[in-house]
Student: 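The structure that follows is given in the form of structure tokens.
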Amino acid sequence: MMNEKIKEAIKNYSEELTALRRKLHSEPELSWEEEKTTAFVCGYLEKLGIPYRRTVPTGVIATIEGGIPGKTVALRGDMDALSVEELNKNLPYASKEEGKMHACGHDAHTAMLLIATKALVELKQELPGTVRLLFQPAEEVAEGAKALVKQGAVEGVDNVFGIHIWSQMPTGKVSCPAGPSFASADLFKVTFKGRGGHGAMPHDTIDAAIVASSFVMNIQTVVSRTVDTQKPAVVTVGKMVVGTRFNVIAENAVIEGTVRCFDPKTRDHIEKQIQHYADHVAAIYGATAKVEYTRGTQAVINDEYSASLVQSVVKEAFGEDAVYFEKPTMGGEDFSEYLERVPGSFALVGSGNPEKDTEWAHHHGRFNIDEEALTTGAELYAQYAWTYLNQ
């Protein structure tokens with residue numbers, strides 16, 4: 001079912017694809033600030049003659065209406081950058097914005113989807129159905145997909161497909177197994193209140209530092225001793241703020257962390273246990289605890305049919321050796337918001353190459369991609385849409 005015209009078009013546009021990615025990389029914008037990126041995408045779509053609408057406050061939903069009636073498939077590419085200082089200062093396309101960087105590859109996603117769009121437009125009259133294009137803001141704060149869904153992103157959509165560049169996989173490989181891919185990602189904040197006092201007189205105080213430290217150590221047993229060992233889960237405390245001065249016993253302590261897992265029941269259990277542990281640890285020392293638990297993204301669970309279709313597309317377009325099976329990650333992805341409503345799948349496209357120093361972890365200041373991966377991603381977007389609509 002692979003379309004040779006798509007393959008040829010992506011090949012012909014490879015230099016433009018690289019230029020697009022580099023432009024976007026040099027001009028990063030944080031979540032909900034993607035004004036220039038949104039305007040650039042709109043301008044590009046206008047040149048292609050594709051109808052679109054801007055979403056609020058940023059983002060774009062566009063449509064390619066095929067010449068033959070049929071189903072509707074949505075393709076998603078996110079656009080936002082991170083509050084990370086770029087350490088690759090020698091790159092000619094390094095970030096121009098201090099403290100901001102495309103350290104996760106969303107610049108590549110946007111560029112790949114634009115070129116995939118350009119290739120699909122050339123086949124518009126042969127296309128049996130509709131391709132909806134979702135240029136999504138604010139993935140990094142897990143809010144963009146929800147906003148686009150509320151603004152009609154998946155209304156009337158039969159299937160949804162997304163891609164993430166992945167530096168932990170070799171360039172040229174594509175992974176899209178059925179089942180869990182990304183974990184649910186929740187946030188928690190625990191505030192302990194004790195009784196402060198002089199550092200030389202601890203007997204007159206309730207030391208919030210001791211309370212918080214005890215909680216941090218004990219909370220790890222939620223996973224190691226109360227969660228089924230066959231159901232992966234992570235509880236991480238990433239921030240702890242306590243005390244004001246070396247000789248003052250702290251009255252307050254604030255702890256923030258994240259919970260990651262794949263199973264909904266495990267997720268519910270951990271949320272209850274965090275409250276339970278906070279209350280009981282505080283009670284031991286005579287302090288009080290307030291827990292704020294925020295549900296973030298759902299787990300990304302690839303639909304079996306869609307994942308199988310991706311694998312068949314990869315085999316035909318790039319060869320049997322291109323199919324890769326990356327193990328599920330505890331990272332979060334708000335693509336799950338679409339999958340909660342529409343069947344689909346989320347693929348990882350390898351961009352790691354030690355010879356090009358592109359194996360740095362996502363969100364690191366040295367993160368970069370092997371740009372050979374761009375054509376793989378762009379063609380995968382377009383070939384998947386074409387194949388799905390022709391099923």
Side-chain angles (χ1 to χ4, degrees), residues 31 82-84 140-143 180 182-300 328-334 336 361-364:
S31 302
L82 286 156
S83 299
V84 173
E140 294 293 356
V141 293
E143 296 174 357
F182 283 70
S184 58
D186 298 339
L187 297 78
F188 66 86
K189 180 179 179 180
V190 182
T191 303
F192 291 107
K193 186 172 182 60
R195 184 170 63 245
H198 198 290
M201 304 173 189
H203 55 287
D204 290 331
T205 71
I206 298 173
D207 191 344
I210 298 297
V211 181
S213 299
S214 179
F215 174 80
V216 170
M217 295 300 294
N218 281 286
I219 199 67
Q220 295 303 318
T221 62
V222 170
V223 173
S224 66
R225 290 297 178 267
T226 75
V227 171
D228 185 341
T229 56
Q230 301 300 311
K231 296 178 178 178
V234 172
V235 174
T236 293
V237 172
K239 184 178 180 180
M240 182 174 176
V241 179
V242 56
T244 58
R245 184 179 162 84
F246 77 97
N247 63 347
V248 175
I249 289 176
E251 180 157 332
N252 301 298
V254 179
I255 290 168
E256 296 180 32
T258 185
V259 174
R260 308 296 175 100
C261 61
F262 298 103
D263 178 60
K265 290 183 179 178
T266 300
R267 190 184 194 187
D268 294 340
H269 170 77
I270 294 176
E271 179 178 357
K272 292 176 182 177
Q273 289 297 298
I274 287 176
Q275 182 71 62
H276 176 75
Y277 273 58
D279 289 341
H280 283 265
V281 168
I284 289 172
Y285 297 99
T288 60
K290 177 186 176 183
V291 177
E292 301 170 61
Y293 193 97
T294 304
R295 294 274 176 135
T297 59
Q298 308 295 316
V300 173
T329 173
M330 283 295 176
E333 236 298 340
D334 74 353
S336 57
H362 293 250
H363 293 206
H364 192 282

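The residues of the chain are indexed from 1 along the displayed sequence.
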Student: Whether the side chain of S184 engages the backbone of Q298 through a donor-acceptor N/O pair (distance < 3.5 Å, no angle test) should be reported.
Tutor: no

Student: Look only at the side chain of T205 and the backbone of P202, and say whether a donor-acceptor pair between them is shorter than 3.5 Å.
Tutor: yes

Student: M240 versus V216: any side-chain heavy-atom pair under 4.5 Å?
Tutor: yes

Student: If I compare all heavy atoms of A208 with all of V242, which pair ends up nearest, and what's the gap?
Tutor: C-CG2, 4.2 Å

Student: Identify whether the distance between the nearest side-chain nitrogen and carboxylate oxygen of R295 and D268 falls below 4.0 Å.
Tutor: yes

Student: Please find the pair of heavy atoms, one from T297 and one from A142, that lie closest to each other, and give the distance.
Tutor: CG2-CB, 3.5 Å

Student: Hey, does F262 have a side-chain heavy atom less than 4.5 Å from the side chain of P328?
Tutor: yes

Student: Can you tell if the side chain of V190 reaches within under 4.5 Å of the side chain of Y277, non-hydrogen atoms only?
Tutor: no

Student: Looking only at non-hydrogen atoms, find the nearest pair between T266 and A233 and report the distance.
Tutor: CG2-CB, 4.2 Å

Student: Applying side-chain hydrogen bond (donor to acceptor under 3.5 Å, both in side chains) between T226 and each of Q273, H269, K272, H276, report the one that passes.
Tutor: H269

Student: Would you say the side-chain atoms of Q220 pair up with the backbone N or O of V235, donor to acceptor, closer than 3.5 Å?
Tutor: yes

Student: Closest approach of E333 and V300, non-hydrogen atoms and distance?
Tutor: O-CG2, 3.6 Å

Student: Look at the side chain of S213 and the backbone N and O of A209, then say whether any donor-acceptor pair between them is shorter than 3.5 Å.
Tutor: yes

Student: Just by modelled atom types, is the M330 backbone N or O under 3.5 Å from a matching donor or acceptor in the R260 side chain?
Tutor: yes

Student: Donor-acceptor check, side chain of T258 to backbone of L187, threshold 3.5 angstrom: yes or no?
Tutor: no

Student: Of all the heavy-atom pairs spanning V234 and T236, show the shortest one and how long it is.
Tutor: CG1-OG1, 3.3 Å

Student: Does a side-chain heavy-atom distance below 4.5 Å link T294 with F188?
Tutor: no

Student: Counting C-beta onward and ignoring hydrogens, is there a side-chain heavy-atom pair between V222 and I274 closer than 4.5 Å?
Tutor: no

Student: So do S214 and Y285 actually touch side chain to side chain, heavy atoms under 4.5 Å?
Tutor: yes

Student: Can you pull the salt bridge (Lys or Arg N to Asp or Glu O under 4.0 Å) pairs that have at least one residue in residues 194-217, sequence neighbours excluded?
Tutor: none

Student: Between T329 and G331, is there a donor-acceptor pair closer than 3.5 Å when you use the side chain of the first and the backbone of the second?
Tutor: yes

Student: Any pair with a residue in residues 191-212 that passes ring pair (Phe, Tyr, Trp, His ring centres under 6.0 Å), sequence neighbours left out, goes on the list, sorted by first then second residue, please.
Tutor: F192-F215

Student: Has the side chain of D263 got a donor or acceptor atom that lies under 3.5 Å from a matching backbone atom of K231?
Tutor: no

Student: Looking only at non-hydrogen atoms, find the nearest pair between G199 and I249 and report the distance.
Tutor: CA-CG1, 3.9 Å

